[in-house]
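Read through the structure below, which is laid out as structure tokens, and then see the notes.
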Amino acid sequence: MSEAQEPLVPADLDIERELEYSSAIDEAVGEALAQDDDVFVMGEDVELLRDGLKEEFPDRIRNTPISETAFIGGGTGAAYSGLRPIVELMFIDFFGVAMDQIYNQLAKITYYSDGNLSVPLVIRAAYGGGYRDAGQHQQCLYSIFGHVPGLKVAVPSTPYDAKGMMAAAIKADDPVIFFEHKLLSDAWLSLLGGDDRWPDGMHEQFDVPAAGNRGPVPDEKYEVPLGEADVKREGADVTIVTIGAMVHRAIETAETLADEANIDCEIVDLRSVVPLDEETVVESARKTGRVVVVDEDYERYGLTGEIASIVADRAFDALTAPVKRVGTDMVPIPFSPPLEDRVLPSTQDIRTAVEEISSE
Amino acid sequence: MALNSEEYTDMYRSMRRIRAFETAAADLWADGEIHGELHLSTGHEVVAAGVGAHLSDEDAIAGTHRAHNAAVAKGVDLKPLLAEILGRETGLSRGKGGHMHLFDTDTNFGCSGIIGAGLPLSLGPGIAATFRDTDTVSVAFLGEGAVNQGSFHESLNLASVWDLPVIFVIEDDKWAVSMTKGETTAVDSNTDRALGYDMPGLAVDGMTPREVHAAGDYAIERARSGAGPTLIEASCYHYDGHFESLPQEAIAPDELEEWRDLDPLPRARRELQNEFDVSEADLDAIDEEIEDEVADAVAFALDSPLPDPDPDVALENVFAEEGSA
């Protein structure tokens, strides 16, 4: 990574401490537990995964049986009864076994009660690939939750954003699905990919983006609002709209392109799928006239198409080329490393798309 | 646990109110004033009244697609309840929810149209009660068809493991649309399943007030005391069939006639007169009072306007925090 890169936090903040991505999320949870007795955490293995919090708040970190329907529904009911649960779904891929509770119950109760009931539930779920676990354990799928009205969807790309957005998610009176990328998380990656096995360490082995894994995080309480995108890199020539760990692949590509091809990329980190910050996307599209959407989720019927449609609708006159997209190929994510690398978006895939749009 | 005269009379009132409400709803559906599917609970009066007799406003009910009996027994105001079922602006949710998505925060009543979905939700108020150390209870109604959903097994297990104050009440009306309990369920009595979840299972005649009242009393007291959940299975029948466009006559006409002989409303009247010295005149007075109450609700609903789609009522309150989607 280029040494000239600024840290990916607001420029006016002078933050001395660095924190790892999952620890930043846990810190937000801990601050909320300390501040509000109604907050609690439940899910499979949470007493192990959040062992620090368990020690500090023994009654409010509770293991559940492997019963996602029961504990997501129970969390929903507890939330509309006045508590503020954080339910851990472990991996977003497991939503399937409990989807009715998520999309037909949780998402619809506020509307069908015409606002008389609010459901302040956070579902925390790990997602994303690149560490060779194959496709039932590495999907993104946030678009599915964006597609059904009634759910907010948070997808932070840095420790700073992660802590602030978890704080905002807990404070929100609405359901929030909070996506935690495994490749940015030391805890998940060492549990799943193994730490001690790799001579050069797991960060090197799995090409973990450094600025996504570790970065400046204030130790006081703060929020990063849901529904606000963040321009992580300003540029003049091409807009890359992206989210999650792909923000860092895009930044890496942008630096290479600046050095080697004289193309200056602007990178818009959406941060939330719902609410979607259309304004920031459209403003950038109007500025550069060329948009590439990069998403680690499956390419079709999801986020990339959504952004492309919004840009076409609201910035068509400012575009000098059609919107391009880079997503995961429409196949179940394969297991063997060269196959997985081929299927997930790579910096080369992003580069190819940017160069193509730049030559149109 | 014997039912006294006052308790039985109160139950009768609740049962009569449910029957009158459902009868009115059937007429309104036939007149085209109620849209979509309408799943009536005629025949299910005793189950709701017998459980509801022990509940306060603070206790929670998660109802089914056939939940009017539970709503009425819980004390939901008939006017906004019926108006909601008619999709009117004066309804519980200004017409946005309708018959299968009824929510009343005054009485902590809610229902869902998805089979078995209320069971996991019902754990929530139970969790809140244990956190806050209150004696509030949570009741989940379900049909006998729903016991074969995964949500049933997960919810009973978790309620048991965490000793939640949740009462699961199966309204066993023998039919899941066109499928019988016998052809779909591995056990003859679903209370056998309670053993698998380490909780009491009470099989009762859901057409007999004293049985349901006693079972409800036991289960709710047990929950309030912190001892955990109970499963009740109450045998009853849906006289009006699965929903209004599928009458029970089309499914099992002879069986229907047998169950009509067990209609709990006339039986309750006979028992109250014979065993409890309540006069026929008193019962007639109750019936008349309730007919008036329901007639007022019908008039209120019919007089209420449909919601104005402008400005944007349809788009409001998807989220608690913003006004529009």
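Here the structure is a predicted model, which is why all the values come from computation and not from measurement. Letters go in sequence order (proteins before strands), and every chain restarts at 1. The analysis underlying the following values was restricted to heavy atoms, covering all of them including side chains, and did not include hydrogens, waters or symmetry mates.
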Checklist entry - Side chain, backbone, both or neither: which part of A:Asn104 has a non-hydrogen atom closer than 4.5 Å to chain B? => result side chain
Checklist entry - Has A:Lys108 got more than 12 heavy atoms of other residues, nucleotides or ligands less than 6.0 Å from its NZ? => result yes
Next on the checklist: Taking every non-hydrogen pair under 4.5 Å, which of B:Arg132, B:Arg94, B:His153, B:Glu154 racks up the most with chain A?
Outcome noted: B:Glu154
Checklist entry - So how far is it from A:Thr304 OG1 to A:Glu306 CD, rounded to the nearest 0.5 Å? => result 9.5 Å
Checklist outcome for this item: If one checks every heavy atom of B:Thr105 against chain A at 4.5 Å, the contacting part turns out to be side chain
Item to check | Side chain, backbone, both or neither of B:Asn108 within contact of chain A (heavy atoms, under 4.5 Å) | outcome: neither
Checklist entry - Stepwise, does the side-chain hydrogen bond (donor to acceptor under 3.5 Å, both in side chains) test hold for B:Glu144 with B:Thr185? => result CA-CA 9 Å; B:Glu144 86 296 337; B:Thr185 304; over 6 Å; no
Next on the checklist: Under 4.5 Å from any heavy atom of chain B, what part of A:Leu106 do you find: side chain, backbone, both or neither?
Outcome noted: neither
Next on the checklist: Report which part of A:Phe71 has an atom under 4.5 Å of a heavy atom belonging to chain B: side chain, backbone, both, or neither.
Outcome noted: both
Item to check | Residues from residues 268-278 of chain A approaching chain B under 4.5 Å (heavy atoms) | outcome: A:Val274, A:Pro275
Checklist outcome for this item: By ring pair (Phe, Tyr, Trp, His ring centres under 6.0 Å), B:Phe109 pairs with (sequence neighbours left out) none
Next on the checklist: Does either side chain, that of A:Tyr142 or that of A:Asp295, offer a donor lying less than 3.5 Å from an acceptor on the other one?
Outcome noted: yes
Next on the checklist: Heavy-atom cut-off 4.5 Å, strictly under: side chain, backbone, both or neither for A:Ala172 against chain B?
Outcome noted: both
Checklist outcome for this item: Exactly one candidate in B:Asp192, B:Val169, B:Asn190 meets side chain to side chain contact (heavy atoms under 4.5 Å, CB included) with B:Glu233; the answer is B:Asn190
Checklist entry - In residues 83-103 of chain A, which residues are in contact with chain B at a heavy-atom separation under 4.5 Å? => result A:Leu83, A:Asp100, A:Gln101
Next on the checklist: I'd like to know whether CG of B:Leu306 has more than 12 heavy-atom contacts from other residues, nucleotides or ligands below 6.0 angstrom.
Outcome noted: yes
Checklist entry - Should we count CD of A:Glu223 as having more than 12 external heavy atoms under 6.0 Å? => result yes
Next on the checklist: Is it true that, when you exclude A:Asp51 itself, more than 12 heavy atoms of the residues, nucleotides or ligands shown sit nearer than 6.0 Å to its CG?
Outcome noted: yes
Checklist entry - Near A:Gln136 CD, under 6.0 Å, is it more than 12 heavy atoms from other residues, nucleotides or ligands? => result no
Checklist entry - Do you know which of A:Ala70, A:Ser81, A:Pro175, A:Pro65 has the most heavy-atom pairs under 4.5 Å to chain B? => result A:Ala70
Item to check | Leading residue by heavy atom contact count with chain B [cutoff under 4.5 Å; candidates A:Ser118, A:Ser113, A:Gly115] | outcome: A:Ser113
Checklist outcome for this item: Highest number of heavy-atom pairs under 4.5 Å with chain A among B:Ser155, B:Ala159, B:Ala117 belongs to B:Ala117
Item to check | Pairing residues for B:Phe21 by the ring pair (Phe, Tyr, Trp, His ring centres under 6.0 Å) criterion, not counting sequence neighbours | outcome: B:His68
Next on the checklist: Can you confirm whether B:Leu195 is buried at CG, in the sense that more than 12 heavy atoms of other residues, nucleotides or ligands lie under 6.0 Å from that atom?
Outcome noted: no
Next on the checklist: What I'd like to find out is whether the side chain of B:His99 reaches to under 4.5 Å of the side chain of B:His35, using heavy atoms alone.
Outcome noted: no
Item to check | CG on B:Leu82 to CG on B:Leu92, rounded to 0.5 Å | outcome: 10.0 Å
